Amino acid sequence: MNTRIIFLACLISFPSFAMGALYGLFPDYPPVPVIRSNTPSPRCGNLPSTPELPALSFAMVTPAPEKPVTRTEMKFASVFMDTQHGDYQIDFKGTFIVSPDDKDIIGGSKGSYLEITRVAFGNDRTLRIEAQANGRVNKEYLEGGNEKPFAPSGAQWLADILPELIQRKGIGATSRVIRIYDAEGIRGVLEEIYTINRTSRAVRNLYFLVAVDQLELDKNQLQDFIPEMAMIESNSLKGSLLRELLFKYDLSGELLELLLQVTSTLEYNTERGSVLRVVNNNFPRDTRILEAYLDVIRAMEINSEKGNVIKDLLQTRKLSTEEFIRILETVSEFSSEREKGALLLMMIDYLPEDKRVINELSRVVDEISSPYFVLKGEILNSLADLGQKNQPSENINILIQLMRGAEDFESNSQKGLMLRKVNRAFVNDDEFIRSYFSLLEEIDDNLEGYNVILDLIRRNEINEKVTDYILEYTEELLDDDFQHAAGAVLRELLSKMEFTDMLIYKFFDLINDMDQNGTIEEILRLAIQNNDLMGHDKTIPLIIEAMDQISVDIEKSTLLMRLKPFVKKSDEGKFMYRDAAEDLQSNYLQYKTLQGMGNQ
């Protein structure tokens, strides 16, 4: 009993890591249909709020529901709970549906089981509830070890303790969220979340998850809902739900501004960057959105992650003169001169034809500190060469000799300058490639080196040998614990590399050496979106294996959902998929990922 108390106390102390475990103790998913009304009537009331924001607009797209799958095995949990009605031992597996007044259990998924025991001097009581295949439940009540009629004593005892179980352990979460929403609108759901927040942050998080998954919100409801997501303390859950909102709804105008404000509450740079790169896909021409977007970037502490967001935006969307100038002003505030210079070099390739942009870029270059004079010179030379057509060198030997000579340079900037010049005339020749990566190995600054590699990938067609060298260099970045840079290289490489068996295995080996949830999730999400990669029979098992590196259920389940259409075509994939889904701590997420997969 003491062990359980310590266990729960540890979970409360570490919510970001423990949320998945708490989900496993009292999870929930929708086992039986819920009757829904057609006309929700939101409750009027005073809710506490995270910042006040103006009216919003959006367009909505929601996926079609899938048929449920019968679960044959569910996790079993045993916990001790101290309540206002006494101390209880609770054994539990599966999920249940609670009555509208939260005083009774009226249904459950097949095999679900709940046993509540109170041992007190002269008053031993036990209540057992088990769900049948048809969703109905059998109830058994005992006093002093002897079976008694469930009503009235057992029914009253359950009615007394069930409301606290609902709030502290999440029993019936899915059906309750839907029921409250249908009766009282999203503000009713939020009121319930605030009530639950006083007793269990894990259950509060579960209600947010169910609301994003199950509800179809209009623009006014989203306006109420999104700012409250700032209270979610788990960076992985908050980041995942923000991305899901971007995928589910076509957010624009002030609603997207609101989402960006919540994004700024994420503590992890990788989670912020991952959300912003999803925003990049449909970045609107809106001054207020741009400012909110740049506010998130400016607040990030890791320069390489800031730069990776802007690099992705440059490749995703053509920027106006005004937008380009505002981004240049933001880049000028970077604390790393090397990352700032690498980004400015890339921005030159995307400059709008406007003198004001050239003047602003020149101003930012002029402010780069004097020790980086080589980098400043490279940027200014690139500006001077703007508009000239780059032609591959006709003499590979000259370039090889130049690179060999550059190995004696003392400055990383000079070596990087030489390699970036070579990137514009890169040749897929064995000796040329060896000389190139030999010089790269001489650069002992990871920021300089990984930016050279990103430039190489962006400018050239990458063959198998070059990809192999790049993957080896990426392994060195991981050895130096520079995962932000390694992740950026792997993301960029996905759109250019050849997918041979050897390279695919090496690619996923690198992911298996990572431990940053957000970085891994983003790479795997992009991998699933790559049709060429998904066409290989090795890919699905490798993706599922790589998911083991992710420690958070929500990010694993999101990837499994994206992988599902591909898995249905592969027998081996189905087996591994089901294993991965059943390893999730949350029965709610298990159910979601296994919908439509049939019984294997």
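Note that the coordinates shown come from a computational prediction; the quantities given were computed from them, not determined experimentally.
A salt bridge does not link R525 with E555: none of the charged nitrogens is closer than 4.0 Å to a carboxylate oxygen. At a threshold of 4.0 Å, the pair E333-K306 does not count as salt-bridged, since none of the basic side-chain nitrogens sits closer than that to a carboxylate oxygen. By the 4.0 Å N-to-carboxylate-O rule, E323 lies close enough to R317 to be salt-bridged with it. Salt bridge status for E521 with R562: absent, with no side-chain N to carboxylate O gap under 4.0 Å. A salt bridge links R420 to E378: one of the charged nitrogens lies within less than 4.0 Å of a carboxylate oxygen. Taking the charged nitrogens against the carboxylate oxygens, E301 and R272 have no contact shorter than 4.0 Å, which rules out a salt bridge. Using a cutoff of 4.0 Å between basic side-chain nitrogens and carboxylate oxygens, K556 and D583 are not scored as salt-bridged.
The side-chain hydrogen bond (donor to acceptor under 3.5 Å, both in side chains) test applied to R363 returns E360, E367, not counting sequence neighbours. Partners of T330 by side chain to side chain contact (heavy atoms under 4.5 Å, CB included), not counting sequence neighbours, listed by chain and number: L294, I297, R298. Judged as a side-chain hydrogen bond (donor to acceptor under 3.5 Å, both in side chains), and not counting sequence neighbours, the contacts of S369 are E337. For Y577, the side-chain hydrogen bond (donor to acceptor under 3.5 Å, both in side chains) test picks out no residue, with sequence neighbours left out.
Looking at heavy atoms from C-beta onward, L493 lies in side-chain contact with L471 at the 4.5 angstrom threshold. Residues L375 and L417 have side chains not in contact (no heavy-atom distance under 4.5 Å, counting atoms from C-beta outward). In this structure the side chain of I543 reaches within 4.5 angstrom of the side chain of F508, judged on heavy atoms. Side-chain contact between V331 and M347: present, with at least one pair of heavy atoms (C-beta onward) separated by less than 4.5 Å. Looking only at side-chain heavy atoms (C-beta outward), L563 and M534 come within less than 4.5 Å of each other. No side-chain heavy atom of T467 sits less than 4.5 Å from a side-chain heavy atom of N463. In this structure, I457 and V466 have side chains that are not in contact, with every pair of non-hydrogen atoms separated by 4.5 Å or more. Counting heavy atoms from C-beta outward, F507 and I504 have side chains that stay 4.5 Å or more apart.
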Full working for side chain to side chain contact (heavy atoms under 4.5 Å, CB included) between Y293 and L313: CA-CA 11 Å; Y293 176 91; L313 178 63; 3.7 Å; yes

Could you walk me through whether E339 and S336 satisfy the side chain to side chain donor-acceptor pair (under 3.5 Å) test, starting with their C-alpha distance in whole Å, then the side-chain angles of each, then the deciding distance to 0.1 Å, before giving a yes or no? CA-CA 5 Å; E339 181 66 29; S336 167; 5.7 Å; no

Test side chain to side chain contact (heavy atoms under 4.5 Å, CB included) applied to E244 and V278, step by step: CA-CA 10 Å; E244 285 305 302; V278 176; over 6 Å; no

What verdict does the side chain to side chain contact (heavy atoms under 4.5 Å, CB included) test give for R458 and D455, after you've listed the backbone C-alpha separation in whole Å, the side-chain angles of each residue and the deciding distance to 0.1 Å? CA-CA 5 Å; R458 185 168 57 86; D455 184 68; 3.2 Å; yes

Side chain to side chain contact (heavy atoms under 4.5 Å, CB included) between R326 and E291: does it pass, once the steps are laid out? CA-CA 8 Å; R326 288 296 295 123; E291 290 308 311; 2.7 Å; yes

Chi angles and distances behind the salt bridge (Lys or Arg N to Asp or Glu O under 4.0 Å) call for E522, R243: CA-CA 11 Å; E522 188 172 7; R243 288 190 292 271; over 6 Å; no

Please step through side chain to side chain donor-acceptor pair (under 3.5 Å) for the pair S551 and N517, ending with a clear verdict. CA-CA 7 Å; S551 61; N517 292 318; 3.0 Å; yes

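Atom CD1 of residue I462 and atom OH of residue Y469 lie 14.0 Å apart, to the nearest 0.5 angstrom. To the nearest 0.5 Å, the span separating CG on N423 from CG on L454 amounts to 10.5 Å. Here the OG atom belonging to S304 is positioned 10.0 Å from the CG atom belonging to N446, to the nearest 0.5 angstrom. In this structure, CG on L503 lies 5.0 Å from CD on E464, to the nearest 0.5 angstrom. A distance of 5.0 Å separates CG of L440 from CD1 of I453, quoted to the nearest 0.5 Å. Here L439 contributes atom CG and E441 contributes atom CD; the two are 10.0 Å apart, rounded to the nearest 0.5 Å.
Looking at S438, its side chain never comes within 3.5 Å of a backbone N or O of S435 through a donor-acceptor pair. Without hydrogens or angle criteria, D553 side chain to S586 main chain gives a donor-acceptor distance under 3.5 Å. A donor-acceptor pair under 3.5 Å links the side-chain atoms of N412 to the main chain of D444, judged by distance alone.
Among residues at least two apart or in separate chains, side-chain hydrogen bond (donor to acceptor under 3.5 Å, both in side chains) pairs with a member in residues 483-507 are D468-K506, Q483-D515. Residue pairs meeting the side-chain hydrogen bond (donor to acceptor under 3.5 Å, both in side chains) criterion with at least one member in residues 536-545, sequence neighbours excluded, do not occur.
Of all the heavy atoms in S382 and L345, the pair that sits closest is OG-CD2, 3.6 Å. Summarising the geometry of A486 relative to M514, their closest heavy-atom pair is CB-CE, 4.0 Å, with the distance given to 0.1 Å. Counting all heavy atoms, side chain and backbone alike, I379 lies closest to V365 at CG2-CG2, 3.4 Å. Here the shortest heavy-atom pairing between V262 and T265 reads O-OG1, 2.5 Å. Annotation for L361 and L328: closest pair N-CD1, 3.8 Å, computed over non-hydrogen atoms. For I544 against G573, the heavy-atom pair with the smallest separation is CD1-O, 4.0 Å.
Using a 30° and 60° split on the angle between ring planes, Y436 and F426 fall in the perpendicular class, above 60°.
Side-chain contact of E448 with S413: a donor-acceptor pair under 3.5 Å is absent, judged by distance alone. Side-chain contact check for S557 and K592: no donor-acceptor pair (N or O, by modelled atom type) lies under 3.5 Å. Side-chain atoms of N303 and S335 include a donor-acceptor pair closer than 3.5 Å.
With a 6.0 Å cutoff to the six-membered ring centre and a 45° limit on the axis angle, R356 does not count as a cation-pi contact of F324.
A centroid separation of 6.0 Å or more is found between the aromatic rings of Y473 and Y450.
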